[in-house]
Amino acid sequence: MRVYNTLSKNKEPFTTLKPGKVGIYLCGPTVYKPSHIGHMVGPIIFDSIKRYLEYVGYDVTWVVNITDVDDKLINEANKRGLTMAAVAEEMTADYHRNLSAMGIDTIDHFPKATEHMTEIIDFTQKLIDRGFAYASDGDVFFDVGRDREYGKLSGRSLEAMQGEGGGAADRKKSSADFALWKGAKPGEPSWPSPWGAGRPGWHIECSAMAGKLLGETFDIHGGGLDLVFPHHENEVAQSECCHGKPLATYWMHNGLMQASGEADKVGGGGRARLAEGAAPAATAAPAATATTPAAGDQAAQEAGKIGKSKGAQAFSELLKKYAGETIRFFLLATHYRRPIDFSEERIQEVEKGLDTFYRFFDRYKRVTGDDFYTLPAAARREQGDFTPSADATEQAIHEHRRKFHEAMDDDFNTGGGIGDLFELVRLLNRFVDSEKLESTGKSDAAKVAVLKRGASVMRELANTVGLFRAPVQKPGTSGAGDELVGKLMQLFIEVRADARKNKNFATADGIRKGLAAIGVVLEDRPDGTSWTVQK
RNA sequence: GGCGCUGUCGCCAAGUGGCUAAGGCAGCGGAUUGCAAAUCCGCCACCGUGGGUUCGACUCCCACCAGCGCCUCCA
């Protein structure tokens with residue numbers, strides 16, 4: 001396997017510190033507001049990564065921190081007239097609800113900053129003792145000038161770092177120094193420390209908690225690309241100066257979710273392009289002359305990363321419209337390091353693609369009588385290995401499995417893997433078609449066995465990235481499961497079948513159209529008629 | 001200004017120094033169907049622009065253009 005490492009800006013062979021074991025630390029949310037989709041990107045990606053690593057055979061420990069003490073939290077609490085702890089508790093619950101709606105149940109620890117004051121204070125003291133930090137009037141700062149390697153993660157040099165040092169400039173030796181401990185102002189939540197009452201700085205909790213749960217050096221540290229500097233850079237500085245060894249072997253950063261803005265809707269053309277034949281412009285003309293004029297420009301300014309977008313809706317709202325699996329699929333279809341433009345239109349598009357799979361699962365059940373979701377699927381890669389028979393379809397199944405592994409082994413290329421899954425469903429549908437399994441039923445045991453093999457490989461592969469683990473109830477299709485509704489539909493279908501038998505197509509079509517008008521779709525197949533509720 | 005990322009079919013999106021440049025959505029044609037739906041088959045790209053390296057580049061290098069991120073406690 002190969003993994004892209006921010007530290008080296010290259011894909012590197014994946015090796016672990018301890019054989020067979022992987023420790024992952026992912027920077028989690030500051031719980032001051034309900035999470036938006038941007039907060040789910042990392043967890044979804046790393047949930048898939050952890051599943052895949054376990055599938056490959058590793059024993060994985062995954063930690064996601066909860067930042068429950070922070071300036072933003074204090075502000076929010078003041079604004080709402082609540083305690084900081086109350087706000088944190090409320091938003092942590094929201095975060096957990098979102099995670100479980102996404103099927104993310106692989107996180108082993110959710111350490112909270114407020115529950116690790118002892119570790120944080122010890123860590124800070126250690127840095128002071130070693131001469132890497134200094135106390136200054138109630139605050140404690142990390143002395144960036146003492147760290148020769150400072151800037152190695154983000155590729156910045158100290159000289160290049162200007163900045164006036166923020167509000168605490170007068171207490172710092174250098175403007176680039178950052179707070180490990182912040183003295184409390186009157187009325188602020190605080191914890192006692194050797195330097196007076198205060199709270200931890202932004203970066204220190206991660207260093208302290210990661211060290212406690214995963215050890216001084218662990219395998220993978222992840223987070224959004226926006227955290228590379230200063231957050232991760234400072235974590236590296238603190239931890240490595242404190243322990244004298246690397247913090248993490250691999251730094252994995254996911255691309256950010258972008259608010260797509262309205263540019264493409266307004267201008268029709270999305271990206272502004274140079275007009276064909278426009279002079280190669282050695283004269284750096286003002287960009288405006290070459291771009292799509294007026295309306296598009298204005299709207300494009302709304303675009304940007306979703307964390308800053310005012311329009312970022314709460315994730316819980318999104319879940320009212322789309323199944324968690326749809327959102328996961330949407331994210332996984334793009335490589336994790338690439339930025340993604342968020343738009344509901346895109347999600348709806350992906351939803352249609354997903355339907356191909358769901359339909360196949362239904363079809364599989366009609367043909368074999370087996371539920372796709374209870375198919376035995378290999379949990380470990382070597383368990384799923386098989387030698388294909390001479391059957392061409394079985395050989396193709398084998399080949400798709402190989403290609404899926406190849407994609408995932410190369411820096412977790414879930415997009416490539418999903419493309420392969422699509423090819424696999426098509427192969428299986430074609431097989432059912434050409435062998436007429438739908439009408440002849442289970443008559444040909446050998447053919448059915450090939451289909452089962454294909455379906456279980458599908459399940460095996462999809463499960464490695466957290467897909468198709470359990471049936472999905474799409475928002476807005478409630479009622480479909482009611483017993484009474486089921487019986488009524490059965491009645492409609494029988495009446496209509498009679499009409500069709502008597503070539504009374506007007507009645508048959510009337511029933512179908514009438515049901516379609518209220519969102520129920522009938523489909524006639526060789527082996528009967530099925531019904532589904534559209535949202 | 002500094003550091004960095006991105007630019008592949010109408011839209012989304014994998015990928016590769018040379019073999020037919022995945023897949024999805026949309027579209028078109030066909031098979032199937034009483035008609036539909038679904039499914040299957042077929043069609044639909046020369047990879048931002050200009051140079052360079054190379055026997056050969058979409059893939060490597062440079063410049064430019066465009067979009068974006070970070071440098072201000074945002075995943």
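Per chain, numbering begins at 1; letters A, B, ... match sequence-line order.
A salt bridge links A:Arg337 with A:Asp411: the closest approach of a Lys/Arg side-chain nitrogen to an acidic carboxylate oxygen falls below 4.0 angstrom. Between A:Asp524 and A:Arg512, at least one side-chain N (NZ, or NE/NH1/NH2) sits under 4.0 Å from a carboxylate O, which counts as a salt bridge. For the pair A:Asp420 and A:Lys403, the salt-bridge criterion is met [side-chain N within less than 4.0 Å of a carboxylate O].
Backbone-only contact: A:Gly223 has heavy atoms under 4.0 Å from sugar-phosphate atoms and none from a base. When heavy atoms are screened at a 4.0 angstrom cut-off, A:Leu421 is found touching no nucleic acid atom at all. A:Gly417 comes within 4.0 angstrom of nothing in the nucleic acid, heavy atoms only. When heavy atoms are screened at a 4.0 angstrom cut-off, A:Thr30 is found touching the sugar-phosphate backbone but no base atom. Residue contacts for A:Leu227: at a heavy-atom cut-off of 4.0 Å it reaches the sugar-phosphate backbone alone, with no base atom in range. Residue A:His203 is classed as having no contact, given no heavy-atom separation below 4.0 Å to the nucleic acid. Note on A:Gly155: only backbone sugar-phosphate atoms sit closer than 4.0 angstrom, heavy atoms only; bases stay farther off. Contact annotation for A:Asn413: backbone-only contact, meaning every heavy-atom pair under 4.0 Å involves sugar-phosphate atoms and none involves a base.
In terms of polar N and O atoms assigned as donor or acceptor, the side chain of A:Arg337 never comes within less than 3.5 Å of the base of B:rC5 in a complementary pairing. Residue A:Asp341 places no side-chain atom within donor-acceptor reach of the base of B:rC12, judged by atom type and a 3.5 Å distance cut-off alone. One cannot find a donor-acceptor pair under 3.5 Å joining the base of B:rA38 and the side-chain atoms of A:Arg359.
The P atoms of B:rC9 and B:rC58 are separated by 15 Å, rounded to the nearest whole Å. With both ends at atom C1', the span from B:rC5 to B:rC11 equals 22 Å, rounded to whole Å. B:rG30 and B:rC47 are spaced 32 Å apart, taking the P atom of each and rounding to whole Å. Taking atom C1' on both nucleotides, B:rC43 is separated from B:rA37 by 23 Å, rounded to a whole Å. One C1' atom belongs to B:rA14, the other to B:rG2, and the distance between them is 33 Å to the nearest Å. With both ends at atom C1', the span from B:rG7 to B:rG50 equals 16 Å, rounded to whole Å. Distance noted for atom C1' between B:rA57 and B:rU8: 14 Å (whole Å). Taking the C1' atoms as reference points, B:rG67 lies 28 Å from B:rG27, given to the whole Å.
In this structure B:rA38 sits in no base pair that meets the Watson-Crick or G-U test at under 3.5 Å. Across the strands present, B:rG27 finds its partner in B:rC43; the criterion is a Watson-Crick or G-U wobble pair with both atom distances under 3.5 angstrom. If you check B:rC58 for Watson-Crick or wobble pairing at under 3.5 angstrom, you find it has no partner at all. Taking a pair to require two hydrogen-bonding distances under 3.5 Å in either a Watson-Crick or a G-U wobble arrangement, B:rU16 remains unpaired.
Using a 3.5 Å distance cut-off with no hydrogens or angles, the side chains of A:Ser175 and A:Asp177 do not pair a donor with an acceptor.
Checking the phosphate oxygens (OP1, OP2) of B:rC40, a side-chain nitrogen or oxygen of A:Asn429 falls inside 4.0 Å. Within the structure, a side-chain polar atom (N or O) of A:Arg430 is placed less than 4.0 Å from OP1 or OP2 of B:rC41. Regarding contacts with the backbone of B:rC71, every side-chain N or O of A:Ser154 stays at 4.0 angstrom or more from both OP1 and OP2. The phosphate of B:rA14 (OP1 or OP2) has a side-chain N or O of A:Arg338 nearer than 4.0 angstrom.
Evaluated for a side chain to side chain donor-acceptor pair (under 3.5 Å) with A:Arg402, the options A:His400, A:His398, A:Glu399 yield exactly one hit, A:Glu399.
Going from atom CG of A:Leu331 over to atom CD1 of A:Ile37 covers 5.5 Å, rounded to the nearest 0.5 Å. One finds the NE2 atom of A:His232 at 8.0 Å from the OG1 atom of A:Thr6 (value rounded to the nearest 0.5 Å).
Nearest to the side-chain atoms of A:Leu256 among the listed nucleotides B:rU16, B:rG69, B:rU39 stands B:rG69. Across B:rA38, B:rG4, B:rA75, the shortest atom-to-atom separation from the side chain of A:Arg525 is found for B:rA38. Out of B:rA37, B:rA75, B:rU16, the shortest distance to the side chain of A:Glu523 is found at B:rA37. Closest contact between the side chain of A:Asp509 and the listed nucleotides B:rC71, B:rU39, B:rC35 involves B:rC35. For A:Thr334, counting side-chain heavy atoms from C-beta on, the closest listed nucleotide (B:rA36, B:rA75, B:rA14) is B:rA14. Listed candidates were B:rG34, B:rG69, B:rU39. Nearest to the side chain of A:Arg500 is B:rG34. Checked against B:rC3, B:rC35, B:rA75, the side chain of A:Arg156 finds its nearest nucleotide in B:rC3.
Between A:Arg199 and A:Leu427, it is A:Leu427 whose nearest contact on RNA chain B lies nearer the 5' terminus. The 5' end of RNA chain B is approached more closely, in terms of each residue's nearest nucleotide, by A:Pro339 than by the other of A:Ala508 and A:Pro339.
Within the cation-pi definition used here (under 6.0 Å to the ring centroid, within 45° of the axis), A:Arg156 qualifies as a partner of A:Phe229.
When atom types are taken as modelled, the side chain of A:Glu233 and the backbone of A:Ser154 share a donor-acceptor pair closer than 3.5 angstrom.
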Protein-nucleotides 23-27 of chain B N/O pairs closer than 3.5 Å?
unit_1	atom_1	unit_2	atom_2	d
B:rG24	N2	A:Glu349	OE1	3.0

Evaluation steps, salt bridge (Lys or Arg N to Asp or Glu O under 4.0 Å), between A:Asp433 and A:Arg363: CA-CA 11 Å; A:Asp433 278 355; A:Arg363 197 178 194 198; 2.5 Å; yes

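For A:Asp177 and B:rC71, the CG to P distance is 18 Å, given to the nearest whole Å.
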